[in-house]
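Scroll down for the structure; my scribbles are underneath it.
We're numbering straight along the sequence, starting at 1.
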Amino acid sequence: MILTSLGRSGLGLALAVGASALVPGAAWAAATPALLDHQAVLELDGAATSWILTSTALVLLMTLPGLALFYGGMVRRKNVIATITQSLGVASVVTLAWFIAGYGLSFGAGQPVGAYPAAEINQYIGSFQALFLNGVTPTTAHSLAPGLPEYLWIAYQLTFAIITPALIAGAFAERIKYSGLLLFTALWTLLVYAPICHWVWGGGFLGAAGVLDFAGGAVVHVNAGVAGLVCAIFLGARKGYGQETIVAHNPVLTMIGASLLLVGWIGFNAGSAWTADAIASVAILNTILAAMAGSLTWKIVEIIDKRKPSLIGVLSGLIAGLVAITPAAGLVDPKGAVIIGLASGPVCYAASVWIKKLLRYDDSLDAFGIHGAGGILGALLTGVFASAAVNGVAEGATVAKQAWGLGITIGWSAVATFVILVICKFTTGLRVSAEQEADGLDGHLHGEVLDPA
């Protein structure tokens, strides 16, 4: 499907880009190092800038401390520090990767390569000319958001890039080497996140074809969920998985983390309107509605299946609703948001409990079960409920377009993630030793342990 979408010239284009990357001077000799083609002179919108400043802080809150505590409460006591530390490690690596090349690859303008014009290159990749944010100044803005300083646009998009690989860490919790995690994160950010982000949001071929993703259903959640599934299968299950009961250390920590995620998600979804307007307003309402609907239906299914609703289950349903509404938040009316949220609980419960048990893979904290399955559901239902009356961008939305975009996202994420895992396995290594896993990662990898209970 990916090769088909690239067309007959895709292979030649890929080879040209690859060759030019090895000899950057030859490829970009004619390119001016001044303003990128996707830049504009800043026309400051104070209200929009204030809202995105706030939203940037809210989205960063989702990873630190939100996701760190959410995941930290669900692992065993001997791995709490390691799990929380992974979120900070991911944030650090992604931030520097974004500064060095990630932003340019995601949102820069492509330059000509050989016989291929810049417009064709830009369908698939951003700019190598924007390394180290070259050309960005206090008076520039990205053409997608001319009312925002480009530095703020870079920071806001960075927070999305941070949380995406941080979500993946839930799939291989309690068994990955810290060095392997850091290398994986750097490569994955540049080779998986940046291209998909560009295809959908940065002027690439998926966005141009009408694939809708308001705030990251495909770019963030499906991308992370699929990568997490590949990681879980590649690394193998935790020792004793399926043979002994693995109990969450502290559901209260998970509750605190989930609450921070819920609040931060307002910046994630409503901030994706890029200004304080009616679309941001409907996105906030839709986010809250879907989250509560997902929590309710997960609870109902869990009561039917296990007779008791667990706190972690109720919180998982909350996150499932948030994930599912993300691609649709500013594109559907509240009725559509409620339906999407209600559907997310049973679908994500099935993926996290029944399907995982049936196929016997160890997705430790249900990165695929919630983010992958919820993101796929939300993206498809966006094609059903997207309304031009809510957002004119929704005109012409179809399930077929959404499915096509999902197919490309899933294919690239799965294949590229597998290749990166192979590279990491034969360099830093990926899995801790059996002794380290049995004793817990906290003491072995970080030299710190929690006080005895």
Under 3.5 Å, which donor-acceptor pairs link side chains of residues 389-397 to any protein atom two or more places apart or in another chain?
unit_1, atom_1, unit_2, atom_2, d
Asn391, OD1, Val393, N, 3.1
Asn391, ND2, Gly330, O, 3.1

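- Distance alone, capped at 3.5 Å, places no donor-acceptor pair between the Asp366 side chain and the Gly369 backbone.
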Inset, instruction - Begin with the C-alpha distance, continue with both residues' side-chain angles, and end with the deciding distance and a verdict on side chain to side chain contact (heavy atoms under 4.5 Å, CB included) for Leu148 and Asp45. - result: CA-CA 6 Å; Leu148 303 177; Asp45 181 332; 5.8 Å; no
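- Other residues, nucleotides and ligands contribute over 12 non-hydrogen atoms within 6.0 Å of the NZ atom of Lys356.
- Proximity of the aromatic rings of Trp153 and Tyr156 is defined here by a centroid distance below 6.0 angstrom, and this criterion is not met.
- Between the side chain of Asp363 and the main chain of Phe368, a donor-acceptor pair closer than 3.5 Å is present.
- In this structure the side chain of Thr428 never reaches within 4.5 angstrom of the side chain of Leu182, judged on heavy atoms.
- Side-chain atoms of Ser316 and Ile370, non-hydrogen and from C-beta on, do get closer than 4.5 Å to each other.
- Between the Thr159 side chain and the Val59 main chain, no donor and acceptor come within less than 3.5 Å of each other.
- Nearest heavy atoms, Val332 versus Val282: O-CG2, 3.9 Å.
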Inset, instruction - Please step through side chain to side chain contact (heavy atoms under 4.5 Å, CB included) for the pair Ser364 and Val75, ending with a clear verdict. - result: CA-CA 8 Å; Ser364 307; Val75 297; over 6 Å; no
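- With rounding to the nearest 0.5 Å, the separation of OG in Ser92 from CD1 in Ile162 is 8.5 Å.
- Tyr103 and Glu150 are linked by a side-chain donor-acceptor pair at a separation below 3.5 angstrom, with hydrogens and angles left out of the test.
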Inset, instruction - Evaluate side chain to side chain contact (heavy atoms under 4.5 Å, CB included) for Lys177 paired with Leu430, printing each intermediate quantity in order. - result: CA-CA 5 Å; Lys177 294 176 64 175; Leu430 281 170; 5.9 Å; no
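- Ser127 places a side-chain N or O within 3.5 Å of a backbone atom of Gln129 that can act as its donor or acceptor partner.
- Listed by chain and residue number, Ala68, Leu69, Val80 satisfy the side chain to side chain contact (heavy atoms under 4.5 Å, CB included) test with Ile84 (two or more places apart in sequence, or in another chain).
- Panel note: side chain Tyr71, backbone Ser87; no donor-acceptor pair is recorded below 3.5 Å.
- Of all heavy-atom pairs spanning Ala379 and Pro327, the tightest one is N-CG, 3.6 Å.
- Looking at heavy atoms from C-beta onward, Phe234 lies in side-chain contact with Val422 at the 4.5 angstrom threshold.
- Between atom CD of residue Gln402 and atom CD1 of residue Ile376 there is a gap of 12.5 Å, rounded to the nearest 0.5 Å.
- Heavy-atom minimum distance, Thr382 versus Leu331: CG2-CD1, 3.9 Å.
- Taking each heavy atom of Ser272 and Phe214 in turn, the nearest pair found is CB-O, 3.5 Å.
- You'll find the ring centres of Trp354 and Tyr349 inside the 6.0 Å limit.
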Legend entry - Steps toward side-chain hydrogen bond (donor to acceptor under 3.5 Å, both in side chains) verdict (Asn269, Thr287): CA-CA 7 Å; Asn269 284 356; Thr287 299; 2.9 Å; yes
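- Residue Leu60 holds its CG atom at 9.5 Å from CD1 of Ile163, rounded to the nearest 0.5 Å.
- In plain terms, the two heavy atoms of Gly374 and Val323 that are nearest each other are C-CG1, 3.6 Å.
- A heavy-atom distance below 4.5 Å is found between the side chains of Trp265 and Thr326.
- Residue Thr139 holds its OG1 atom at 9.0 Å from CD of Gln39, rounded to the nearest 0.5 Å.
- Note that the CG atom of Asp333 and the CG atom of Leu289 stand 10.5 Å from one another [nearest 0.5 Å].
- A donor and an acceptor atom, one from each side chain of Thr189 and Trp98, are nowhere located under 3.5 Å apart.
- The side-chain heavy atoms of Trp274 and Trp51, taken from C-beta on, include no pair separated by under 4.5 Å.
- Evaluation of the salt bridge (Lys or Arg N to Asp or Glu O under 4.0 Å) rule for Asp362 yields Arg175, Arg238 as partners, not counting sequence neighbours.
- When Leu260, Thr83, Ile319 are each tested for a side chain to side chain contact (heavy atoms under 4.5 Å, CB included) with Phe70, only one passes: Ile319.
- Checking side-chain atoms of His198 against main-chain N and O of Asn122 turns up a donor-acceptor pair under 3.5 Å.
- The two residues Val222 and Gly372 make their nearest non-hydrogen contact at CG2-O, 4.1 Å.
- Separation of atoms CZ (Phe426) and CG (Leu421) is listed at 11.5 Å; rounding is to 0.5 Å.
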Inset, instruction - Decide yes or no on side chain to side chain contact (heavy atoms under 4.5 Å, CB included) for Met292 and Leu262, but give the supporting numbers first. - result: CA-CA 10 Å; Met292 300 309 164; Leu262 174 62; 3.9 Å; yes
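- Between Tyr124 and Phe205, the two ring planes are tilted [angle within 30° to 60°].
- Residues Thr417 and Ile168 fail the side-chain proximity criterion, which asks for heavy atoms closer than 4.5 Å.
- The aromatic ring centres of Phe107 and His38 sit 6.0 Å or more apart.
- Phe268 is not listed as a side-chain neighbour of Leu58, based on a closest heavy-atom distance of 4.5 Å or more.
- In terms of modelled atom types and a separation under 3.5 Å, the side chain of Asn286 and the main chain of Ala328 share no donor-acceptor contact.
- At a threshold of 4.5 Å between non-hydrogen side-chain atoms, the residues Ile176 and Arg431 do not count as touching.
- In this structure a side-chain-to-backbone donor-acceptor pair under 3.5 Å is present from Tyr151 to Val136.
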Inset, instruction - Apply side-chain hydrogen bond (donor to acceptor under 3.5 Å, both in side chains) to Asn223 and Thr409, showing your working. - result: CA-CA 7 Å; Asn223 194 7; Thr409 299; over 6 Å; no
